[in-house]
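Position 1 is the first residue of the sequence, and the numbers go up from there.
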Amino acid sequence: MQIGIIALLTVAMGIMLLIVQRSERRRRLLVAVIMLGIGELIRRYVWYRGYHAEGWIALALAVILNLLYFVLIGRYNPVGSSDRIHVYGLDD
């Protein structure tokens, strides 16, 4: 079992899950579809190299870390809407 591969896959999968989690509600489906495409590339890499156990461990760690992020930070700081963005200096 290679710790370096587990760390690399955990970071990659964790970032993907975090992007889906923190995306705007209206765009979440589009972001999820894009992340599924990237996830398929990661899955093919794991199967091609034979890192089956490392892939499952990395996925479990990524899900646990994202759940911890949601419980500790994400729940109290919800994702804002892009409609509420105000650019200073514009004469609207």
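- Closest approach of Met1 to Ala53, counting heavy atoms only: CE-CB, 4.4 Å.
- Atoms CZ and CG, on Arg22 and Leu17 in that order, are 14.0 Å from each other to the nearest 0.5 Å.
- Each of Leu9, Leu41, Ile5 was compared with Val46 under the side-chain contact (heavy atoms from CB on, under 4.5 Å) criterion, and only Leu9 meets it.
- Considering CD1 of Ile15 and CD1 of Ile38, their distance stands at 10.5 Å, rounded to 0.5 Å.
- Within the structure, salt bridge (Lys or Arg N to Asp or Glu O under 4.0 Å) contacts touching residues 34-48 (residues at least two apart or in different chains) are Glu40-Arg43, Glu40-Arg44.
- Under the 4.5 Å side-chain heavy-atom criterion for ILVMFWY residues, no single connected hydrophobic cluster contains both Leu36 and Val20.
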Tabulate below the donor-acceptor pairs under 3.5 Å that side-chain atoms of residues 54-71 make, not counting sequence neighbours, or state none.
unit_1, atom_1, unit_2, atom_2, d
Glu54, OE2, Gln2, N, 3.2
Asn66, OD1, Leu18, N, 3.4
Asn66, ND2, Gly14, O, 3.3
Asn66, ND2, Ala62, O, 3.0

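- The hydrophobic clustering, which links ILVMFWY residues whose side-chain heavy atoms are closer than 4.5 Å, places Ile6 and Tyr45 apart.
- Looking at every heavy atom in both residues, Met16 comes nearest to Ile42 through SD-CD1, 3.6 Å.
- Scanning all heavy atoms of the two residues, the minimum distance from Gln21 to Arg28 falls at O-NH2, 3.6 Å.
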